[in-house]
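Numbering starts at 1 and runs along the sequence shown.
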Amino acid sequence: MNIYERLIQEHDNQKKLAKQIMETTGDSPERHQLFTQFKTEAVAHANAEEQTLYADLIERPESQEQIRHSISEHKEADDLITELAEMDMSSSEWIQKFEKLKDDLEHHIDEEEEDVFDLAKNLLSKEEANELTLQFDERKQDEKAA
């Protein structure tokens with residue numbers, strides 16, 4: 001499996017969790033459990049992605065602008081996740097803010113899978129893409145453990 005396949009797999013899982021959260025109501029144990037899982041996955045994913053694929057691509061002039069944009073979207077998502085973690089889950093504001101996060105996440109994923117992956121495929125060899133998968137998996141496990 002190369003880095004692109006791994007990240008698509010991760011993205012699909014995050015979209016599934018976000019959809020499940022949108023189907024919950026109030027300050028329920030289910031919403032708490034799903035949001036905790038979503039938060040852990042999303043933050044570990046973003047950090048591992050930045051430390052592997054993005055770290056490689058930002059060193060290349062032709063991909064710097066796109067990667068800086070992607071990193072800024074990670075920061076915005078992280079800020080929203082932090083905000084949501086501190087809010088009352090039973091408030092209507094919570095679900096509205098989570099829906100914004102979900103929409104932003106889907107936009108970021110679409111942009112990444114189209115623009116970033118296309119760019120990376122032109123810059124990285126197949127061997128590099130395969131190696132990045134191993135590095136990503138290792139970094140993500142470290143992030144989840146932290």
[X], [atom1] atom: more than 12 neighbouring heavy atoms under 6.0 Å:
X     : atom1 : value
Glu93 : CD    : no
Lys16 : NZ    : no
Gln64 : CD    : yes

Residue pairs passing the ring-ring contact (aromatic ring centres under 6.0 Å, His included) test with at least one member in residues 115-146, sequence neighbours excluded, are Tyr4-Phe117, His45-Phe136

With a 4.5 Å heavy-atom cut-off, do [X] and [Y] have their side chains touching?
X      : Y      : answer
Lys19  : Lys15  : no
His107 : Glu73  : yes
Arg68  : Ile58  : yes
Leu119 : Ile67  : no
Glu41  : Lys140 : yes
Glu10  : Glu49  : no
Gln96  : Lys100 : no

So that I can tick it off, tell me whether [Y] and [X] are bridged by a salt bridge, with the cut-off set at under 4.0 angstrom between side-chain N and carboxylate O.
X      : Y      : value
Glu143 : Arg139 : yes
Arg31  : Asp27  : no
Lys75  : Asp79  : yes
Glu128 : Arg60  : yes

Assess whether side-chain contact (heavy atoms from CB on, under 4.5 Å) is satisfied between Lys144 and Thr40, documenting all intermediate values. CA-CA 7 Å; Lys144 285 176 82 171; Thr40 301; 4.2 Å; yes

With sequence neighbours left out, write down each residue that passes ring pair (Phe, Tyr, Trp, His ring centres under 6.0 Å) with His74, or none if nothing qualifies.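 So His74 forms a ring pair (Phe, Tyr, Trp, His ring centres under 6.0 Å) with Tyr54, His108.
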
ILVMFWY clustering at 4.5 Å (side-chain atoms), partners of Leu34:
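Members besides Leu34, by chain and number: Leu17, Ile21, Met22, Phe35, Phe38, Val43, Leu80, Ile81, Leu84, Met87, Met89, Trp94, Ile95, Phe98, Leu101, Leu105, Ile109.
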
